[in-house]
S.K.: 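Here it is: the structure, laid out below.
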Amino acid sequence: MATEERGILVLGAGYAGLSFAHAARRAGRGRFPVTVVDRHPFHVLRTELYEVGEIARDPEHLDAWAVPFTQALDDPALGQIVGEVESIDLERHCVRVSGEEVPYGALAICLGSVPAYYGVPGAEAETHQVYRMAGARRLGAALRQLEIESASWTDLRRPEVVVIGGGSTGTEVAAEIATVDWPTIVGVAAREPHVRLVTGKIPFLDGMPEGLVRHARRLLVKSGVELIEGLNVERVEPKVAHLEGGMRLPFDLAIWCAGVQVPPIVRALPTAHGRAGRLAVDEHLELPQWPGVFGVGDVIEFKDPATGMLVPATAQAALAEAPVAGRNAVARLQRKALQPFRYREKGVIVSVGVGRGAGRVAKVTVWGSPAALLAALQQKEYARRVRHGR
Ligand SMILES: Cc1cc2nc3c(=O)[nH]c(=O)nc-3n(C[C@H](O)[C@H](O)[C@H](O)COP(=O)(O)OP(=O)(O)OC[C@H]3O[C@@H](n4cnc5c(N)ncnc54)[C@H](O)[C@@H]3O)c2cc1C
């Protein structure tokens with residue numbers, strides 16, 4: 001089969017994959033089949049999974065964060081395969097999906113990221129996570145149960161929640177749990193959780209603008225979140241986290257937000273890798289030794305040569321990269337010149353509790369409810385992009 005006839009295969013229907021697929025469809029004008037593969041028949045609005053109060057209130061609410069393929073891929077030019085990507089054979093130009101071999105002419109690897117536990121004993125087994133929908137669902141149910149039980153405790157203690165990781169995900173999750181109005185969800189006798197955020201050795205909100213960090217810290221403290229900085233978690237046992245230097249943090253519930261890495265099948269690819277196994281791509285977002293194979297989103301490491309900035313692993317970056325990579329995949333099949341990717345950050349906003357946020361947008365620091373409003377608008381924009389492809 002000719003390379004063009006094999007068409008373009010897109011692995012992953014996240015922010016990167018869907019946006020890539022729509023861009024390739026538009027650029028190819030129907031000449032090349034574009035097929036999206038994902039283990040779910042829907043896209044997960046992953047940037048909203050920190051809203052665990054909503055999940056605890058109504059576990060069915062998760063449906064609001066799943067955009068079905070009937071909406072996201074509503075175009076006859078886009079094919080779909082629901083299945084597990086098991087391996088990628090770059091030599092033979094094919095991918096194994098749930099036991100079947102699927103050939104490709106051009107390939108987009110958009111498989112996102114999975115939690116990184118850095119070999120910390122007990123971390124994976126004893127903590128929750130919000131990086132995947134199933135994890136967010138389990139966390140919401142566990143929080144709800146903990147709050148219900150707290151109403152019948154005979155001593156005076158509050159539910160102890162430990163959040164591990166002081167980046168944006170940890171900050172958003174800790175602030176959300178501390179500011180949710182639990183009595184309206186589970187009953188008036190529910191006790192306010194005591195939330196501790198362990199930032200580890202990496203500085204709190206490392207790499208974020210100074211004004212954002214200052215306001216986020218102030219809002220967290222105002223919400224009653226206790227920050228524990230400068231100490232890494234060494235091991236996690238049932239109901240207790242052990243920090244460097246012998247400090248023990250007993251908990252009823254712990255959440256791991258300490259970072260992500262690429263999925264194992266991406267790490268196994270015979271190509272150059274950066275931090276956390278990310279695929280090193282060139283300025284066309286193509287794997288250097290593998291023409292026609294592109295990486296987009298959380299799976300890649302790319303330093304913009306114009307700014308020297310390492311492009312972050314965010315939905316915002318994935319949505320910026322994907323249209324360029326999608327057009328380049330078509331150009332590769334048409335033997336035309338590829339265009340370089342340049343990254344310009346539109347701004348950064350972190351939610352810091354229900355109805356509050358901190359951010360830096362258009363060189364202006366914003367905080368409180370205006371920042372929360374901007375964050376909500378940004379989420380709507382991400383959802384619109386995956387629904388309509390632009
Ligand atoms: C709680 C939280 C809040 C966040 N908030 C923000 C924010 O406000 N702004 C922002 O810009 N970013 C935010 N991020 C980061 C953002 O979610 C990610 O950077 C973004 O999802 C990356 O997009 P992606 O398409 O690369 O990966 P994903 O969106 O994770 O998509 C990967 C897709 O691949 C599929 N997949 C993976 N492996 C397989 C397999 N083996 N077989 C089949 N399918 C597979 C998955 O099902 C998924 O659909 C947040 C992340 C989290 C966890």
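Positions are given from 1 along the sequence. As the structure lists them, so they are numbered: ligands from 1, and atoms in each ligand from 1.
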S.K.: Would you say Cys110 contacts ligand 1, with heavy atoms under 4.0 Å as the rule?
M.R.: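 The answer is yes, since Cys110 has a heavy atom less than 4.0 Å from ligand 1.
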S.K.: May I ask you to decide whether Glu147 forms a salt bridge with Arg144, counting only side-chain N to carboxylate O separations under 4.0 Å?
M.R.: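 A salt bridge is absent here (no side-chain N lies under 4.0 Å from a carboxylate O).
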S.K.: Looking only at distances, please establish whether an N/O atom of ligand 1 is found under 3.5 Å from an N/O atom of Asp298.
M.R.: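 The answer is yes, given that Asp298 and ligand 1 share an N or O pair closer than 3.5 Å.
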S.K.: Select one of side chain, backbone, both or neither to describe which atoms of Glu48 lie under 4.0 Å from any atom of ligand 1, heavy atoms only.
M.R.: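 Neither part.
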S.K.: Does CZ in Arg57 sit with more than 12 non-hydrogen atoms of other residues, nucleotides or ligands closer than 6.0 Å?
M.R.: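 Enclosed: over 12 neighbouring heavy atoms sit under 6.0 Å from CZ of Arg57.
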S.K.: Is any N or O atom of Ala315, backbone or side chain, closer than 3.5 Å to an N or O atom of ligand 1?
M.R.: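 Yes: some nitrogen or oxygen of Ala315 is under 3.5 Å from one in ligand 1.
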S.K.: Among Tyr131, Tyr15, Phe20, which one puts a heavy atom closest to atom 53 (C) of ligand 1?
M.R.: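 Heavy atom nearest to atom 53 (C) of ligand 1 belongs to Tyr131.
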S.K.: Check whether Arg235 reaches the backbone of Pro121 with its side chain - one donor and one acceptor, N or O, closer than 3.5 Å.
M.R.: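 No, the answer is negative, given that no donor and acceptor are paired below the 3.5 Å cut-off.
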S.K.: For Ala313 and ligand 1, does the shortest N/O to N/O distance drop below 3.5 Å?
M.R.: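 In this structure, Ala313 places an N or O atom under 3.5 Å from an N or O of ligand 1.
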S.K.: Quick one: which of Glu345, Arg46, Glu176, Arg132 has a heavy atom closest to atom 30 (O) of ligand 1?
M.R.: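 Answer by nearest heavy atom: Arg46.
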S.K.: May I ask you to check whether Gly17 has an N/O atom sitting below 3.5 Å from an N/O atom of ligand 1?
M.R.: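 No, since none of the N or O atoms of Gly17 sits under 3.5 Å from an N or O of ligand 1.
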S.K.: State whether the shortest distance between N or O atoms of Ala318 and N or O atoms of ligand 1 falls below 3.5 angstrom.
M.R.: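 Between Ala318 and ligand 1, no N or O pair is found under 3.5 Å apart.
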S.K.: Check for me whether Glu172 has a heavy atom closer than 4.0 Å to any atom of ligand 1.
M.R.: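 Flag set, Glu172 near ligand 1.
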S.K.: Using the ring of each side chain (for Trp, its six-membered ring), is Trp367 parallel, tilted or perpendicular to His215, with breaks at 30° and 60°?
M.R.: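 If you compare the ring of Trp367 with that of His215, the planes turn out parallel.
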S.K.: So Arg217 and Glu229, salt bridge (Lys or Arg N to Asp or Glu O under 4.0 Å) or not? Walk me through it.
M.R.: CA-CA 12 Å; Arg217 181 187 289 278; Glu229 296 179 72; 2.7 Å; yes
S.K.: Using the rule given for salt bridge (Lys or Arg N to Asp or Glu O under 4.0 Å), can you reason through Arg196 versus Glu160, listing the C-alpha separation, both sets of side-chain angles and the distance that settles it, and then say yes or no?
M.R.: CA-CA 8 Å; Arg196 285 188 276 201; Glu160 290 291 338; 3.3 Å; yes
S.K.: Flag the pair Glu283 and Arg342 as a salt bridge only when some basic side-chain nitrogen lies within less than 4.0 angstrom of an acidic carboxylate oxygen.
M.R.: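 Answer for the salt bridge query: yes.
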S.K.: Which is closest to atom 49 (O) of ligand 1 by heavy-atom distance: Asp38, Leu111, Val173?
M.R.: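 Selected option, by shortest heavy-atom distance: Asp38.
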S.K.: Between Ser113 and ligand 1, does any nitrogen or oxygen pair lie at a separation below 3.5 Å?
M.R.: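 Between Ser113 and ligand 1 (N or O atoms, distance only) the closest approach is not under 3.5 Å.
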S.K.: Geometry only, no angles: is Gln316 polar-contacting ligand 1 at N/O separations under 3.5 Å?
M.R.: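 Yes, Gln316 has an N/O under 3.5 Å of an N/O on ligand 1.
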S.K.: Given the side-chain rings of His40 and Phe69, with only the six-membered ring counted for Trp, is the space between their centroids under 6.0 Å?
M.R.: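 Here the rings of Phe69 and His40 have centres that are no less than 6.0 Å from each other.
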S.K.: Checking Glu86 side chain against Gly99 main chain: does a donor-acceptor pair fall under 3.5 Å?
M.R.: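 Yes, because the side chain of Glu86 sits within donor-acceptor range (under 3.5 Å) of the backbone of Gly99.
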S.K.: Please identify which atoms of ligand 1 are closer than 4.0 Å to at least one heavy atom of Tyr50.
M.R.: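 Answer, ordered by atom number: 1 (C).
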S.K.: Which ligand 1 atoms does Gly297 reach within 4.0 Å, using its non-hydrogen atoms?
M.R.: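 Near Gly297, the atoms of ligand 1 are 26 (O).
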S.K.: In terms of relative ring orientation, are His93 and Tyr104 parallel, tilted or perpendicular, with 30° and 60° separating the classes?
M.R.: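 Ring orientation, 0 to 90° scale: parallel.
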S.K.: Below 4.0 Å, non-hydrogen atoms only: which portion of Ala375 touches ligand 1? Side chain, backbone, both or neither.
M.R.: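 Under 4.0 Å from ligand 1, Ala375 contributes no heavy atoms.
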